[in-house]
Amino acid sequence: MKINNFFENFLKKETFFVSRAVLSSSYKPDQILYREEQIQELANILAPALRKEKPSNVFIYGKTGTGKTLSVKHIVSSMNEIAKNNQIYLKTVYINCKLKKVADTEYRLIAQLIKEFGKEVPPTGLPTDEVYNIFYELLDAQEGTVILILDEIDQLTKKIGDEIFYNLTRVNAELKKSQICLIGISNSLVFSENLDPRVKSSLSEEEIIFPPYNALQIQDILRKRSIEAFKDGSVKPGVIEKCAAYAAREHGDVRRAIDLLRVSGEVAERSGSLFVEISHLDEAERKVEADKIINAAISQPKQFQAVLYAILLISPQKKKFFTGEIYEIYTTICNKCKFNVLTQRRISDILAEFDMLGFINAEIVSKGRYGRTREVSMPLDENITLKLKEILEKSIHLD
DNA sequence: AGTCCACAGGAAGGGCAGGCGA
DNA sequence: TCGCCTGCCCTTCCTGTGGACT
């Protein structure tokens, strides 16, 4: 019973994790550092809800990992508590628009909202009007305020346009007893520029911007978390600083920094070390990076994967190669796998896309007499490309 | 100076899936 | 349920182009 021994040892092993959950993305700290200003501003805007007055609609901008969602949830939960203690009706609904099957269509979104109120509508079949009516009724059932938080709202407009906001912002006119307040959270800073001007003015009565954290702020946040997550002194000096530096380079994404710290801890734990050292962080960085690339590759369509596979076949033999060579290999792969062979024109576009995604480095060069073409090189290191090749082989051949 | 390679990349349109209103 | 519309993927056709070669 070797495996039992393994688990026994696993239990006995000293671990420096006190609480892994503190470093998970779902953890809610009781204090949010460096966001006091934004939190206060948002609190000022939302406070009227507690006096049964309608708060302004708010629009919140900021890149990923700048604490937008966390801050909003923080405020909302403390408002809920106060409302409860004072017998004020306040309902908050949080919806992440990025989730599939929740916000693919206007109908689904409204259906999801209805579900949040504890009622079900059939997943399809009713006219959209009808669903809106049910929603209005539910809203108006209680005298008070409903705060509707739409996270990753830019994803929603990408999918279903901005008409839905027009409908939602006009809801208040339909309501007699209650009122609704919209909070839109967007990762994109230019999001509202593409909105219908009418929607824009009513949706973003107030705007709050969450700037990226700088490296020092990320350090403080990481330090605070690591005190709770790890045993005293188990994180070697320099680790937090380097971790923060990585994340600051990626436009101040604190979520990434925390992820990285957690993975570093896991790497260290697995290697049997009693401390988290810089070498563990480096390995974690590679791992996180590799996962990102591989996940991106998996989610590509088959044709894209075939092209990528062609590139992986050439890249060990040549440092630099060209569109024509890739296309040639690609066609043989297609023949083997019985795929349609796309035109070179299309492959050219796919290569341009790969360049943007970071799978390849591409540059347009002229070889004089021998034409103008993309010069492609492989920026990923070998252990990633090998793994990628393996995964793509399965993905392409099994079809 | 002119040629010409091997593509880049724009424009237009075909074909298809999915959503929508009637 | 049906036709219509839209967006996406892809093809066809095309013009444009930097620089080695003649």
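Labels below follow one simple rule: chain letters A, B, ... track the order of the sequence lines, proteins then strands, and each chain is numbered from 1.
For A/T323 and B/dA8, the shortest distance from a side-chain N or O to OP1 or OP2 is below 4.0 Å.
The separation between A/K367 atom NZ and C/dG18 atom C1' is 13 Å, rounded to whole Å. Atom C1' of nucleotide B/dC7 and atom OH of A/Y327 are separated by 13 Å, given to the nearest angstrom. Taking atom CD1 of A/I364 as the reference point, atom P of C/dG16 lies 17 Å away to the nearest angstrom. Between the P atom of B/dC5 and the CZ atom of A/F322 lies a distance of 17 Å, rounded to the nearest Å. One atom, CD of A/E353, and another, P of B/dG9, lie 13 Å apart when rounded to the nearest Å. Between the CG atom of A/L351 and the P atom of B/dA8 there is a distance of 7 Å, rounded to whole Å. Spacing between atom CD of A/E363 and atom P of B/dG9 amounts to 12 Å, rounded to whole angstrom units. Atom CD1 in A/I350 sits about 16 Å away from atom P in C/dC8, given to the nearest Å.
Using a 4.0 Å cutoff on non-hydrogen atoms, the parts of residues 340-348 of chain A near DNA chain B are A/Q344, A/R345, A/S348, ordered by number.
Members clustered with A/V22: A/Y27, by chain and number, using a 4.5 Å side-chain heavy-atom cutoff among hydrophobic residues.
A cation-pi contact links A/R35 to A/Y213, judged by a cut-off of 6.0 Å to the six-membered ring centre and 45° from its axis. No cation-pi contact links A/K302 to A/F339, judged by a cut-off of 6.0 Å to the six-membered ring centre and 45° from its axis.
Salt-bridge formation is not detected for the pair A/E285/A/K242: no Lys NZ or Arg NE/NH1/NH2 atom is positioned less than 4.0 Å from an Asp or Glu carboxylate oxygen. A salt bridge between A/E382 and A/K387 is absent, with no side-chain N of the basic residue lying under 4.0 Å from a carboxylate O of the acidic one. Ion pair A/D259/A/R262 flagged as a salt bridge, since at least one NZ, NE, NH1 or NH2 atom sits closer than 4.0 Å to an Asp/Glu carboxylate oxygen.
Side-chain atoms of A/D151 and A/I183, non-hydrogen and from C-beta on, never get closer than 4.5 Å to each other.
For A/R369, the listed nucleotide lying nearest its side chain is B/dC4; candidates were B/dC4, B/dC7, C/dT17. Distance from the side chain of A/Y370 is smallest for C/dA20 among the nucleotides C/dC10, B/dC7, C/dA20.
Axis angle across the helix from B/dA1-C/dT22 to B/dA22-C/dT1, with five pairs used at each end and values rounded to 10°: 20°.
In this structure, A/T373 reaches the sugar-phosphate backbone alone: every heavy-atom distance under 4.0 Å involves primed, P, OP1 or OP2 atoms, never a base.
In terms of position along DNA chain B, the nucleotide closest to A/G368 lies nearer the 5' end than the nucleotide closest to the other residue of the pair A/G368 and A/D349.
Between A/K68 and A/G62 the shortest heavy-atom distance is NZ-O, 2.8 Å.
More than 12 heavy atoms of other residues, nucleotides or ligands lie within 6.0 Å of CD in A/E36, so this atom counts as buried by the packing criterion.
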